[in-house]
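Quick notes on the structure that follows.
Worth saying up front: this structure is predicted, and the values here are computed from it rather than measured. Just so it is clear, the values below take in all heavy atoms, side chains as well, and ignore hydrogens, waters and symmetry mates.
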Amino acid sequence: MSGMAIASGLIEQEARALLTRLARVRPFALHETMVPAAALAPAAQVRIERFLIDGRADLGCQVVNFLRWMRGPGRQAPVPEKQRRLTLIRLRFNDVLSQFDLFTEVITQRSEHETGVWLSGLDVLARDALGLPGDYFEPPPVICYLARGPGAAIRRARTRLPGGDENPVAIIRVPRERMVGHGIGASLVHEVGHQGAALLDLVTSLRPALASARDTGRGPHRAAWPWFERWISEVVADLWAVSQLGIGAPLGLIGVVSLPRWFVFRFGGEDPHPVPWIRVLLSCALGDALYPDPQWRALAEGWRAMYPIDGVEAGQRTTLDQLTAALPAFADVLLGHRPAALHGARLGDVLRRPDRGAGALLHTFDTWRADPGLLYTTAPSITFAVLGQARAAGRLTPERESRMVGELLTQWALRSTLDTSAICADRNLTPALPARVPLSIT
């Protein structure tokens with residue numbers, strides 16, 4: 001047998017082998033085990049499975065068409081051309097496997113005892129935090145998973161996956177070490193803010209507004225605006241978290257960036273994250289602009305006491321002073337922005353929630369103390385805002401907060417599962433949660 005014939009045979013065998021390996025990539029519904037309360041929301045499950053099935057089907061057609069070409073018009077084609085075509089198909093095959101592995105990492109954790117149910121509860125929190133009154137966009141499904149390391153991250157819906165395909169859902173990575181305490185809400189809602197900002201195209205629309213403020217600025221404030229432009233994507237996500245969680249957002253942020261001094265005062269070059277020292281002060285400034293209260297200035301002063309600026313190198317000190325002085329003006333530009341997606345409304349007006357001010361949140365906490373059953377009827381994002389406010393006011397210990405968060409995540413996951421089951425059963429009813437002893441919040 002000639003070398004050409006051997007090469008053609010090897011190429012065809014490899015193409016057929018691809019089909020056998022592709023057939024082993026089975027739907028998650030057939031090989032993932034988890035309790036019902038830990039399962040993905042149906043909308044997310046359907047989108048993921050449909051996305052992967054379509055990818056497998058498309059790739060299978062490419063392989064079959066290649067084999068037909070090999071046995072027909074391509075029989076006499078040069079071997080390098082046959083190999084070139086097969087190589088392109090194999091690259092696509094690797095992309096499909098990468099996409100499958102990405103969702104496998106997310107879904108497999110749903111089988112972990114307790115953790116899987118908590119993740120389902122975090123999905124519920126994320127969906128609630130992404131919603132805005134006014135129906136300015138249709139939110140995509142959001143799913144969460146845990147990973148090692150200090151930082152949370154999001155792979156937004158409609159961004160590109162390996163191979164160029166569009167991601168069908170938003171995937172949020174949450175640090176495992178933050179389960180389950182007050183910091184989990186701040187980290188999660190910050191990442192939700194990235195998705196919300198993308199749906200409203202906020203970063204793109206804000207850049208001209210910031211450039212205009214920079215060009216018309218006077219005095220020391222002028223030097224601060226290029227930094228704000230560089231950090232705007234992360235700042236908008238922090239704003240979203242503050243609007244949803246109130247003072248719980250900067251409290252969670254402080255838990256993340258409380259690191260050695262060299263890091264807290266470090267300017268990260270092209271890093272889109274603000275200098276941590278400024279970032280906390282900015283979060284407090286945004287909170288004070290949205291929900292005015294002396295607590296924001298008190299928290300900012302507490303942060304300054306933890307990391308006094310004395311001793312910072314002179315050049316850095318000057319820049320930090322300029323940034324600090326410009327924070328109120330920057331907050332005004334940010335909250336006064338009118339992006340096209342909001343149809344003329346101011347960003348601050350849309351994000352501001354009447355029930356997230358300090359007084360309203362503490363009032364809600366007091367109603368829980370009088371009637372603990374109300375705790376389970378409160379929306380998840382408000383619940384986390386109330387817990388953060390109660391902790392800031394010294395009414396809730398970290399130990400009790402952690403127990404409550406774990407319990408609440410479980411209850412949200414269970415309620416979501418029962419609601420879905422009722423809908424699937426086509427019954428016009430609201431399922432009641434099983435009888436249980438209410439949490440004590442004292």
Side-chain angles (χ1 to χ4, degrees), residues 41 43-44 121-142 154 156-158 169-170 172 185-186 188-206 209 235-250 283 286-293 296 331-365 367-368 374-389 408 412 415-416 419 423 430:
L122 288 178
D123 294 348
V124 177
L125 170 61
R127 290 198 298 270
D128 183 53
L130 184 56
L132 282 182
D135 297 324
Y136 294 106
F137 53 75
E138 181 180 352
V142 184
I154 184 171
R156 299 194 311 272
R158 304 167 193 169
V169 298
I172 296 179
L188 179 65
V189 180
H190 170 87
E191 300 306 329
V192 167
H194 281 298
Q195 181 66 73
L199 293 170
L200 295 174
D201 201 23
L202 291 182
V203 173
T204 300
S205 65
L206 272 166
V235 170
V236 168
D238 281 345
L239 171 62
W240 197 283
V242 170
S243 74
Q244 292 281 357
L245 302 180
I247 203 166
S283 183
L286 293 172
D288 200 21
L290 281 172
Y291 310 115
D293 190 277
W296 300 99
D332 287 344
V333 171
L334 198 58
L335 299 183
H337 181 55
R338 298 178 186 269
L342 296 183
H343 313 303
R346 296 170 71 251
L347 180 59
D349 293 337
V350 172
L351 293 181
R352 185 180 293 108
R353 305 294 185 89
D355 54 6
R356 310 301 160 100
L361 293 174
L362 289 177
H363 174 73
T364 300
F365 187 74
T367 64
W368 291 351
L374 295 175
L375 176 62
Y376 302 103
T377 64
T378 307
S381 60
I382 300 177
T383 299
F384 264 82
V386 171
L387 295 179
Q389 187 65 58
L408 285 165
W412 293 336
R415 183 179 297 278
S416 177
D419 287 347
I423 292 172
T430 301

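Looking only at side-chain heavy atoms (C-beta outward), Ile154 and Val142 stay at 4.5 Å or farther from each other. Within the 4.5 Å cutoff, the side chain of Pro140 has heavy atoms near those of the Leu199 side chain. The shortest distance between side-chain heavy atoms of Ser283 and Trp296 does not fall below 4.5 Å. For the pair Leu351/Leu132, a side-chain contact is recorded, criterion being any heavy-atom separation below 4.5 Å from C-beta on. With contacts defined as side-chain heavy-atom distances shorter than 4.5 Å, the pair Leu122/Trp412 does not qualify. Inter-residue side-chain proximity for Gln195 and Leu130 is flagged as met; some heavy-atom pair is nearer than 4.5 Å. Contact annotation: the side chain of Arg353 approaches that of Pro133 to within less than 4.5 Å [non-hydrogen atoms, C-beta and beyond]. Here the side chains of Val386 and Thr383 are not in contact, with every heavy-atom distance at 4.5 Å or above.
In terms of heavy atoms, Leu188 sits closest to Ala126 at CD2-N, 4.1 Å. Of all the heavy atoms in Leu347 and Leu239, the pair that sits closest is CD2-CD2, 3.9 Å. Taking both residues in full, the closest heavy atoms of Val124 and Pro380 are given as CG1-CG, 3.9 Å, listed atom of the first, atom of the second, then distance. Residues Ala186 and Ala249 approach most closely at CB-O, 3.8 Å, considering heavy atoms. Leu125 and Gly185 get closest at one heavy-atom pair: CD2-CA, 4.5 Å. The minimum heavy-atom distance linking Pro250 with Gly246 is given by the pair CD-O, 3.4 Å.
A donor-acceptor pair under 3.5 Å is formed between the side chain of Arg352 and the backbone N or O of Leu290. Listed for the Asp293 side chain is no donor-acceptor partner under 3.5 Å among the backbone atoms of Asp288. For Arg356 (side chain) and Gln244 (main-chain N/O), a donor-acceptor pair under 3.5 Å exists by modelled atom type. A donor-acceptor contact shorter than 3.5 Å links the side chain of Tyr291 to the backbone of Ser243.
Under 3.5 Å, the side chains of Asp128 and Ser381 contain a donor-acceptor pair of N or O atoms.
The structure places CZ of Phe137 at 12.5 Å from CG of Asp201, a figure rounded to the nearest 0.5 Å. Taking CD1 of Ile382 as the start and OG1 of Thr377 as the end, the distance is 10.0 Å to the nearest 0.5 Å. One finds the CG atom of Leu200 at 10.5 Å from the CG atom of Leu206 (value rounded to the nearest 0.5 Å). For the atom pair CD1 (Ile172) and NE2 (His190), the distance works out to 10.0 Å, reported to the nearest 0.5 Å.
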